[in-house]
A.B. asks: 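The structure that follows is given in the form of structure tokens.
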Amino acid sequence: MIIAEAYERIKNILEEMGVKEIPPFRVEIAPEGFGELATNAAFLVSRELKRPPRELGEVIAKKLAEDPLFDKCEVAGPGFVNLWISWDCYANVLKKIIEEDANYGKHVSKGERVQFEFASVNPTGPITVGHGRQAVIGDVLANLFEWYGYEVQREMYINDAGRQIDLLAYSLWVRYNEVLGVEGLEIPEDGYKGEYLIDLAKKLVGEVGDSYREVWNEDAKAFFRDYALHAMLSSMRSTLRSIGVEFDNYFSESSLIEDGTVREVLEILSEKGYLYEKDGAIWFKVSEFIDESDKVLVRSDGSPTYFLTDIAYHLNKFRRGFSRVFDIWGSDHHGHEPRMRAAMKALGIPDGFFNVVFHQYVTLKKGGEVVKMSTRRGEFVTLDELVEAVGVDAVRYFFSMIDANTHLNFDIDLAMKKSEENPVYYVQYSHARIRSIFRKASEKGFSFEPGRGLEKLGNEKERALALQLSIFPRVLEEAANAFATNKLTGYLETLASKFHSFYTENLVLDPENPEVSHGRLNLCRATEVVMKNAFKLLGVSAPERM
RNA sequence: GUGCCUGUAGCUCAAUGGAUAGAGCGCUGGACUCCGGAUCCAGAGGUUGCGGGUUCGACUCCCGCCAGGCACGCCA
């Protein structure tokens with residue numbers, strides 16, 4: 001908020017100085033000892049104005065010093081302009097934060113509808129820790145975009161059409177027969193061997209008895225398919241719900257085949273001349289768009305590939321009127337992106353509509369050793385297990401605090417045994433502390449009055465905290481633009497640190513100084529508001545007590 | 001072999017081409033008879049994988065290596 005205002009003032013000055021094209025200069029919190037805000041504007045206009053940065057910085061600083069927004073402005077180093085903000089300005093921001101309360105940080109509507117699609121994993125086994133990372137990243141990014149002014153839909157794509165589901169059905173049928181004591185059947189090499197299917201098979205025997213014992217016909221196939229799919233989906237959904245991830249819509253892959261979208265895609269591409277037949281299959285001329293080999297859309301047995309249904313899926317998304325869609329994909333799918341872009345181009349869907357946010361995988365460590373995960377072999381640590389061990393807050397915070405594009409090393413022993421070392425506790429503690437101050441306040445006879453006493457504040461710690469609070473909207477913008485949930489957790493940690501530091505040096509409730517006390521209560525309330533809002537975006541609880 | 005991601009303090013990770021590369025954990029030493037010590041303050045700890053290049057300025061951009069991960073299917 002303050003940064004935005006400072007930005008405007010500087011922009012005006014640059015225009016007065018004769019700059020025709022305003023460069024992308026920055027206004028940010030200055031390093032320790034260089035004022036409160038700093039800008040690099042002088043460097044960026046130096047070339048156009050043909051004068052050294054230091055000299056231009058002096059001009060800018062001099063003009064800014066006349067502005068009541070600032071107490072002091074100086075040029076430093078090779079041309080940075082350092083700014084000190086007036087306490088009046090801070091006080092106004094704090095009042096605004098308290099007034100806007102649960103809405104502080106929200107940007108005005110951009111009038112755009114976008115979609116985030118994530119956690120679209122194969123419904124062939126329990127959700128793993130790796131899937132959990134994707135779900136949390138997608139959910140938090142969706143929250144961030146909502147606050148940044150977009151209308152957001154959260155969607156999960158259900159891969160219910162492919163060969164994997166058939167394999168799952170057959171694997172379950174084998175387990176079912178095993179439970180009934182039938183010997184000699186085996187789950188295929190590429191089938192699903194996890195224990196969860198044994199549990200499911202037992203349940204199934206309880207429900208249908210031995211009606212499908214050693215019977216594997218079309219009827220049995222359909223039954224086991226539906227049963228397995230239904231069971232897997234409902235378990236996935238309940239796991240995701242347990243970490244606060246809910247979807248606005250579930251979209252079935254097979255519906256695209258049933259409603260003709262898949263066939264329509266083939267017709268469009270065929271009319272445009274992008275298809276050809278070879279070896280009994282139908283191929284898409286990927287090579288006409290990018291430097292990659294052509295890909296099969298329809299197999300020689302007539303079934304559509306995943307690539308084809310995915311193209312149809314995105315054509316469907318486009319027709320639903322989103323201005324942009326964001327798919328969250330694991331890094332193992334990165335090879336799929338260029339092909340999809342080629343397909344979007346072939347269908348005439350505008351550039352920029354289709355976007356992918358990639359995340360790297362999670363490496364689990366247990367007992368100092370890397371745990372290999374494989375759904376098919378049935379070796380994995382499930383998200384349920386992790387949540388039970390460390391709690392929802394820690395899980396969500398931990399997955400949010402690391403850049404999606406960074407490999408995440410998750411030490412299970414550490415998370416289970418020493419969960420109190422998780423940064424989430426540090427941040428939550430500052431919130432609990434503030435709540436405690438308010439409880440104490442009523443005991444001491446203070447009642448909170450918005451705005452009262454703020455003009456009495458202005459020491460170093462109070463200013464540092466106020467400055468941090470003022471940049472919250474900017475942080476949301478940066479986090480959304482960079483698809484970086486970790487910018488939000490990083491911000492919270494800095495905010496908590498500024499608060500603890502303020503708290504240590506300043507007595508909030510001091511009967512000897514009622515006006516100052518009221519002012520500090522306002523500062524505490526503003527901090528509480530920002531923390532609550534940030535926690536909400538992360539899906540982490542804001543505890544009253546710990 | 002080709003493409004993508006990663007490589008930063010002992011460990012886990014930050015740092016839109018900007019000032020002295022920062023946090024947490026761990027380590028060392030301190031802190032008010034007072035609002036929550038799950039806190040605060042200070043300190044030690046770095047050739048940003050290696051070598052070149054671009055410019056006022058490079059962890060960041062370009063080129064070449066090295067190491068790890070992932071992908072290169074009529075799997076999804």
Side-chain angles (χ1 to χ4, degrees), chain A residues 24 26 28 30-34 38 40 43-44 46-47 52-54 76-80 82 120-122 124 159 161-165 167 190 253 278-283 291-293 295-307 309-310 330-338 358-361 363 398 401-411 414 418 420-423 425-426 428-430 432-441 443-444 446 478 481-482 484 486-487 489-490 493-494 496-497 499-510 517 520-521 524 545-546:
Chain A
R26 296 192 52 91
E28 48 196 14
E32 191 108 6
F34 293 100
N40 63 346
F43 294 98
L44 303 183
S46 157
R47 188 162 303 197
R54 172 92 198 183
F80 292 96
N82 299 326
S120 302
V121 298
N122 273 333
T124 52
N159 302 114
R163 200 174 138 262
Q164 304 304 324
I165 298 299
L167 266 172
D190 51 356
E253 180 185 5
K278 193 180 85 179
D279 303 329
I282 298 175
W283 298 68
D291 185 21
E292 237 185 87
S293 57
K295 291 285 179 284
V296 169
L297 294 186
V298 182
R299 302 189 186 93
S300 47
D301 69 0
S303 63
T305 60
Y306 169 81
F307 184 29
T309 52
D310 211 24
S331 61
D332 55 338
H333 284 63
H334 74 251
H336 191 54
E337 190 200 10
F358 287 103
H359 68 93
Q360 301 298 314
Y361 268 11
T363 304
F398 207 95
M401 70 184 278
I402 283 152
D403 186 285
N405 220 10
T406 298
H407 296 269
L408 172 56
N409 287 306
F410 201 114
D411 188 328
L414 189 75
K418 301 185 174 181
E420 71 279 358
E421 288 175 9
N422 195 304
Y425 293 95
Y426 176 75
Q428 286 181 319
Y429 180 67
S430 56
R433 210 174 205 186
I434 292 171
R435 294 307 305 152
S436 166
I437 293 170
F438 278 100
R439 286 193 295 271
K440 206 82 183 178
E443 281 174 30
K444 288 196 179 181
F446 285 102
E478 285 176 356
N481 282 331
N486 58 309
K487 286 187 190 294
T489 56
E493 283 160 35
T494 307
S497 158
F499 175 75
H500 285 310
S501 186
F502 151 78
Y503 176 89
T504 304
E505 283 191 22
N506 298 281
L507 188 60
V508 176
L509 302 169
D510 181 3
S517 297
R520 288 183 180 153
L521 269 178
C524 287
R545 293 184 171 82
M546 292 175 72

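Protein chains get the first letters and strands the later ones, always in sequence-line order, with residue 1 at the start of each.
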A.B. asks: Where the side chain of A:Leu408 is defined as all heavy atoms beyond and including C-beta, which of B:A76, B:C13, B:G18 is the nearest nucleotide?
C.D. replies: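 Selected nucleotide: B:C13.
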A.B. asks: Looking at B:C41, I'd like to know if its phosphate oxygens (OP1 or OP2) sit under 4.0 Å from a side-chain N or O belonging to A:Ser501.
C.D. replies: yes
A.B. asks: With no hydrogens and no angle check, is any side-chain donor or acceptor of A:Arg520 less than 3.5 Å from a backbone partner on A:Asn506?
C.D. replies: no
A.B. asks: Could you tell me the separation between the CE atom of A:Met546 and the C1' atom of B:U39, rounded to a whole number of Å?
C.D. replies: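 Rounding to the nearest Å, CE of A:Met546 and C1' of B:U39 are 12 Å apart.
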A.B. asks: A:Tyr361 OH to B:A71 P: how many Å, rounded?
C.D. replies: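 Value for this atom pair: 8 Å.
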A.B. asks: When the distance from CE of A:Met401 to C1' of B:G24 is rounded to whole Å, what number comes out?
C.D. replies: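 Roughly 7 Å, once rounded to whole Å.
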A.B. asks: Has the side chain of A:Ser300 got a donor or acceptor atom sitting under 3.5 Å from an opposite partner on the base of B:C74?
C.D. replies: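 Yes, a donor-acceptor pair under 3.5 Å.
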A.B. asks: Considering only atom C1', compute the distance from B:G17 to B:U48 and round it to an integer number of Å.
C.D. replies: 15 Å
A.B. asks: Looking at B:A19, B:C35, B:C75, which one has an atom nearest to any side-chain atom of A:Phe34?
C.D. replies: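 In terms of side-chain proximity for A:Phe34, the closest of B:A19, B:C35, B:C75 is B:A19.
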A.B. asks: Should B:C65 form a Watson-Crick or G-U wobble pair with both distances under 3.5 Å, which nucleotide is its partner?
C.D. replies: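 Its partner is B:G49 (Watson-Crick or G-U wobble, both distances under 3.5 Å).
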A.B. asks: Of the nucleotides B:A14, B:C40, B:G36, which one has an atom closest to the side chain of A:Asn486?
C.D. replies: B:A14
A.B. asks: Measuring from the side chain of A:Asn40 (C-beta onward, heavy atoms only), which nucleotide among B:G68, B:G18, B:C35 has the closest atom?
C.D. replies: B:G18
A.B. asks: Whole angstroms only, please: what is the NE2-P distance between A:His334 and B:C4?
C.D. replies: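 Between P of B:C4 and NE2 of A:His334: 8 Å.
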A.B. asks: Please give the nucleotide sitting opposite B:G57 as a Watson-Crick or G-U wobble pair, both distances under 3.5 Å, or none.
C.D. replies: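 Partner of B:G57: none found under 3.5 Å.
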A.B. asks: Just how far is it from atom CG of A:Asp510 to atom OG of A:Ser517, taken to the nearest 0.5 Å?
C.D. replies: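 Reported to 0.5 Å precision, the distance equals 5.0 Å.
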A.B. asks: Does the side chain of A:Asn159 pick up a donor-acceptor pair with the side chain of A:Gln164 at under 3.5 Å?
C.D. replies: no
A.B. asks: Should B:G37 form a Watson-Crick or G-U wobble pair with both distances under 3.5 Å, which nucleotide is its partner?
C.D. replies: none
A.B. asks: If you find the nucleotide of RNA chain B closest to A:Asp403 and the one closest to A:His333, which residue's nucleotide is nearer the 5' end?
C.D. replies: A:Asp403
A.B. asks: Which nucleotide in the list B:A19, B:G36, B:A71 gets nearest to the side chain of A:Pro31?
C.D. replies: B:A19
A.B. asks: Roughly how far apart, to the nearest Å, are B:G24 and B:U8 at atom C1'?
C.D. replies: 15 Å
A.B. asks: Across all strands shown, which nucleotide pairs with B:C70 by Watson-Crick or G-U wobble geometry, both distances under 3.5 Å?
C.D. replies: B:G3
A.B. asks: Roughly, in whole Å, what's the span from CG in A:Leu521 to C1' in B:C35?
C.D. replies: 10 Å
A.B. asks: A:Glu253 side chain: which of B:U39, B:A76, B:A19 is closest?
C.D. replies: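 Taking heavy atoms from C-beta onward, the closest nucleotide is B:A76.
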A.B. asks: Base, sugar-phosphate, or nothing for A:Glu443, non-hydrogen atoms under 4.0 angstrom?
C.D. replies: nothing
A.B. asks: What is the distance, rounded to the nearest whole Å, between atom CD of A:Glu292 and atom C1' of B:G73?
C.D. replies: 13 Å
A.B. asks: Of the nucleotides B:G69, B:C74, B:G36, which has the atom closest to the A:Ala432 side chain?
C.D. replies: B:G36
A.B. asks: Are OP1 or OP2 of B:C40 and a side-chain N or O of A:Tyr426 less than 4.0 angstrom apart?
C.D. replies: yes
A.B. asks: Are side-chain heavy atoms of A:His359 and A:Ser331 found at a separation under 4.5 Å?
C.D. replies: no
A.B. asks: Examine B:A76: is either OP1 or OP2 under 4.0 Å from a nitrogen or oxygen in the side chain of A:Arg299? Give yes or no.
C.D. replies: yes
A.B. asks: When the P atoms of B:G49 and B:G10 are compared, how many Å lie between them, rounded to an integer?
C.D. replies: 13 Å
A.B. asks: When you compare B:G57 with B:U20, how far apart are their P atoms, in angstrom units rounded to a whole number?
C.D. replies: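 Each nucleotide's P atom is 14 Å from the other's.
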A.B. asks: Measuring only the P atom in each nucleotide, how far is B:A71 from B:U54? A whole number of Å is fine.
C.D. replies: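 After rounding to an integer number of Å, I get 39 Å for this pair.
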A.B. asks: Between A:Thr124 and A:Asn122, is there a side-chain donor-acceptor contact under 3.5 Å, judged purely by atom types and distance?
C.D. replies: no
A.B. asks: Does A:Arg520 put a side-chain nitrogen or oxygen below 4.0 Å from OP1 or OP2 of B:C35?
C.D. replies: no
A.B. asks: Round to the nearest Å and state the distance from A:Phe410 atom CZ to B:G69 atom C1'.
C.D. replies: 19 Å
A.B. asks: Using the C1' atom on both, measure B:C13 against B:G26 and round to a whole Å.
C.D. replies: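 After rounding to an integer number of Å, I get 15 Å for this pair.
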A.B. asks: Can you tell me how far apart CZ (A:Phe446) and NZ (A:Lys440) are? Round to the nearest 0.5 Å.
C.D. replies: 13.0 Å
A.B. asks: Hey, does the side chain of A:Lys487 come within less than 4.0 Å of B:A15's phosphate (OP1/OP2), counting only N and O?
C.D. replies: yes
A.B. asks: Which nucleotide, if any, forms a Watson-Crick or G-U wobble pair with B:U8, using both distances under 3.5 Å?
C.D. replies: none
A.B. asks: Taking the same atom, P, in B:G3 and in B:G64, what whole-Å distance lies between them?
C.D. replies: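 Those two atoms are separated by 9 Å.
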A.B. asks: Under 3.5 Å for both donor-acceptor distances, Watson-Crick or wobble: does B:G26 have a partner, and if so which one?
C.D. replies: none
A.B. asks: Can you say whether the rings of A:Phe398 and A:Phe410 are parallel (under 30°), tilted (30 to 60°) or perpendicular (over 60°)?
C.D. replies: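 Rings of A:Phe398 and A:Phe410: tilted, as their planes differ by 30° to 60°.
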A.B. asks: Would you say a side-chain N or O of A:Asn405 is under 4.0 Å from OP1 or OP2 of B:U6?
C.D. replies: yes
A.B. asks: May I ask you to test the A:Ser497-A:Tyr426 pair for a side-chain heavy-atom distance under 4.5 Å?
C.D. replies: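 Yes, side chains in contact.
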A.B. asks: Please determine whether a side-chain nitrogen or oxygen atom of A:Ser436 lies at a distance below 4.0 Å from atom OP1 or OP2 of B:G36.
C.D. replies: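 For B:G36, OP1 or OP2 has a side-chain N or O of A:Ser436 closer than 4.0 Å.
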A.B. asks: Would you indicate which nucleotide in B:A14, B:U39, B:C74 comes nearest to any side-chain atom of A:Thr305?
C.D. replies: B:C74
A.B. asks: Can you tell which of B:C74, B:U39, B:C70 lies closest to the side chain of A:Tyr429?
C.D. replies: B:U39
A.B. asks: Under 4.0 Å: is that the gap between some side-chain N or O of A:Thr406 and OP1 or OP2 of B:A14?
C.D. replies: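 Affirmative; the distance criterion is met.
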A.B. asks: Measure the distance from CD on A:Glu493 to C1' on B:C13 and round it to the nearest whole Å.
C.D. replies: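 Result: 10 Å.
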A.B. asks: For A:Lys444 and for A:Phe398, find the nucleotide of RNA chain B with the closest heavy atom, then tell me which residue's nucleotide is more 5'.
C.D. replies: A:Phe398
A.B. asks: Taking atom C1' in both B:C59 and B:G22, what distance in whole Å separates the two?
C.D. replies: 12 Å
A.B. asks: Just to be sure I understand the rule, does A:Tyr503 reach a base, reach only the sugar-phosphate, or reach nothing, if contact means heavy atoms closer than 4.0 Å?
C.D. replies: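 Answer is base: heavy atoms of A:Tyr503 come under 4.0 Å of a base.
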A.B. asks: Which nucleotide wins on minimum distance to the side chain of A:Trp283, given the candidates B:G36, B:G18, B:C74?
C.D. replies: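 Taking heavy atoms from C-beta onward, the closest nucleotide is B:C74.
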A.B. asks: Do the non-hydrogen side-chain atoms of A:Cys524 and A:Phe502 ever get within less than 4.5 Å of each other?
C.D. replies: yes
A.B. asks: Does B:C13 have OP1 or OP2 under 4.0 Å away from a side-chain N or O of A:Asn409?
C.D. replies: yes
